[in-house]
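What follows is a short report on a single structure.
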Amino acid sequence: MIATRPYLIRAIYEWAGDNSFTPHILVDTSQTGVIVPLELVEDDKIILNIASGAVANLSLGNDFISFSARFSGVSREIFIPTLAVRAIYARENGVGIVLPEDATEAAVVSENEPTPPTKPGGPNLRVVK
């Protein structure tokens, strides 16, 4: 089964673009396989603008995100495993999603709705009439 994480990343990216917002990702650079400009990393984190106008050859795959971008005028190839993405959000309003550090699945919870209870070992569905 494919994890929900890459789908959530793509969904927020598309939503941001549809609303003329600038999508940014927060990356945990301590994760294996992350290739980013190390001189821009602070506290094992980096925030990257992944808007279509800021990057070239963007690939939002199920296992990784890759693209080319310019940093201080120098083109760099960026490679980020999706598990290293901690958040994706719109720069203009901060709306997006925070992804868990230690799981491949993310829970999306609205501020206006209570978190539904879950039962260990299976789905928690019920028929409402």
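Nothing here was measured: the structure is a model prediction, and the numbers come from that model.
- Criterion: ILVMFWY side-chain heavy atoms under 4.5 Å apart, direct or through other members. Under it, Leu48 and Val74 are not part of a common hydrophobic cluster.
- Residue pairs meeting the side chain to side chain donor-acceptor pair (under 3.5 Å) criterion with at least one member in residues 27-38, sequence neighbours excluded: Asp28-Ser30, Asp28-Gln31, Asp28-Arg86.
- The CD1 atom of Ile78 sits 8.5 Å away from the CD1 atom of Ile35 when rounded to the nearest 0.5 Å.
- Residues passing the side chain to side chain contact (heavy atoms under 4.5 Å, CB included) test with Ala69 are Val55, Phe67, Phe71, sequence neighbours excluded.
- Within the structure, the side chain to side chain donor-acceptor pair (under 3.5 Å) test picks out the following pairs touching residues 34-56 (sequence neighbours left out): Glu39-Arg76.
- Evaluation of the side chain to side chain donor-acceptor pair (under 3.5 Å) test over residues 60-72, restricted to residues two or more places apart or in two chains, returns Arg10-Asn62, Ser68-Glu77.
- Within the model, atoms OG1 of Thr82 and OH of Tyr7 stand 11.0 Å from one another, a figure rounded to the nearest 0.5 Å.
- Between the CD1 atom of Ile97 and the CZ atom of Arg5 there is a distance of 9.0 Å, given to the nearest 0.5 Å.
- With sequence neighbours left out, the ring pair (Phe, Tyr, Trp, His ring centres under 6.0 Å) criterion links Tyr13 to no other residue.
- Of the inter-residue distances, the one linking Ile50 atom CD1 with Leu60 atom CG reads 5.5 Å to the nearest 0.5 angstrom.
- Qualifying ring pair (Phe, Tyr, Trp, His ring centres under 6.0 Å) partners for Phe64, counting only residues two or more places apart in sequence or in other chains: Phe79.
- With a 6.0 Å radius and a threshold of 12 heavy atoms from other residues, nucleotides or ligands, Glu14 has its CD atom at or below the threshold.
- Under a 4.5 Å side-chain heavy-atom cut-off, the cluster of Ile, Leu, Val, Met, Phe, Trp and Tyr residues that includes Ile47 is completed by Leu26, Tyr89.
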